[in-house]
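Values reported hereafter were calculated over all heavy atoms of this structure, with side chains retained and with hydrogens, waters and symmetry mates removed.
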Amino acid sequence: MANPLDSFRWDNRLLLIHVESPEEARAVIGEFEAAAGEVDDRDLLWFIADPEDLHTNKPESLEDSLRDRIHDLVSAQELPDERVRLIGKDGGIKGRYERLDLPAVFARIDSMPMRRAEMGK
């Protein structure tokens, strides 16, 4: 079965975040809303999986089956205490974090060759 994130390759960087509760999801969404310009400037889509739902800044709605597959993928933790994964436009994992740290994520993105080329335009 194809990776449900493949359709975003080369267009977006992805931030996959697993949280323990809807309240924690709302707090993380608030962080993203406060940094919306920086998120948009970096072509960053985020997906937050809580036990009940999947939240995203993707403007178009997702098919139910794709939504479920992304929820399962985001909820799956590959390493202990890994709750945040940064995926580059090439589809590779570029960062793993215990918690969301937007300045660290932005710094990591800004150090990527593709992003540096984008900023040079």
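In terms of modelled atom types and a separation under 3.5 Å, the side chain of Arg85 and the main chain of Val74 share a donor-acceptor contact. Of the possible donor and acceptor atoms, none in the side chain of Arg13 sits under 3.5 Å from a partner among the backbone N and O of Leu44. Asp50 places a side-chain N or O within 3.5 Å of a backbone atom of Glu52 that can act as its donor or acceptor partner.
Taking the six-membered ring where the residue is Trp, Trp46 and Phe32 present parallel rings, their angle staying beneath 30° rather than reaching 60°.
More than 12 non-hydrogen atoms from other residues, nucleotides or ligands lie less than 6.0 angstrom from CD of Glu23. Residue Glu98 qualifies as open at atom CD: its count of foreign heavy atoms under 6.0 Å is 12 or below. Within 6.0 Å of the CG atom in Asp11, the count of heavy atoms belonging to other residues, nucleotides or ligands exceeds 12.
Looking at residues two or more places apart in sequence or on another chain, you find a side chain to side chain contact (heavy atoms under 4.5 Å, CB included) between Asp101 and Arg99, Pro103, Ala104.
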Item to complete: Apply side chain to side chain contact (heavy atoms under 4.5 Å, CB included) to Leu16 and Leu5, showing your working.
Response: CA-CA 10 Å; Leu16 311 179; Leu5 303 176; 3.7 Å; yes

Item to complete: Give the C-alpha distance, both sets of side-chain angles, the deciding distance and a yes or no for side chain to side chain contact (heavy atoms under 4.5 Å, CB included) between Val39 and Leu15.
Response: CA-CA 10 Å; Val39 168; Leu15 208 51; over 6 Å; no

Item to complete: Please report the C-alpha distance between Arg67 and Asp53 in whole Å, then the side-chain angles of each, then the deciding distance to 0.1 Å, and finally whether the side chain to side chain contact (heavy atoms under 4.5 Å, CB included) criterion is met.
Response: CA-CA 9 Å; Arg67 176 177 277 284; Asp53 203 1; 3.6 Å; yes

Practice prompt. Starting from the C-alpha separation in whole Å, work towards a yes-or-no answer on side chain to side chain contact (heavy atoms under 4.5 Å, CB included) for Ile93 and Ile87.
Written response: CA-CA 5 Å; Ile93 295 177; Ile87 310 293; 3.6 Å; yes

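Separation of atoms CG (Asp40) and CG (Leu45) is listed at 9.5 Å; rounding is to 0.5 Å. Taking CG of Leu100 as the start and CD of Glu31 as the end, the distance is 5.0 Å to the nearest 0.5 Å. Here the NE2 atom belonging to His71 is positioned 7.5 Å from the NE2 atom belonging to His55, to the nearest 0.5 angstrom. The CG atom of Leu62 lies 11.5 Å from the CZ atom of Arg69; values are rounded to the nearest 0.5 Å.
Of all non-hydrogen atoms in Leu86 and Met112, the two that sit nearest each other are CD2-CE, 3.7 Å.
Using a 4.5 Å heavy-atom threshold, the side chains of Ile70 and Lys58 count as separate. Considering only heavy atoms from C-beta on, Met114 comes within 4.5 Å of Trp10 through its side chain.
Residue Asp43 forms a salt bridge (charged side-chain N to carboxylate O under 4.0 Å, His left out) with just one option from Lys89, Arg115, Arg9, and that option is Lys89.
Val19 and Leu54 fall into different hydrophobic clusters, defined by Ile, Leu, Val, Met, Phe, Trp and Tyr side-chain heavy atoms under 4.5 Å apart, directly or through other members.
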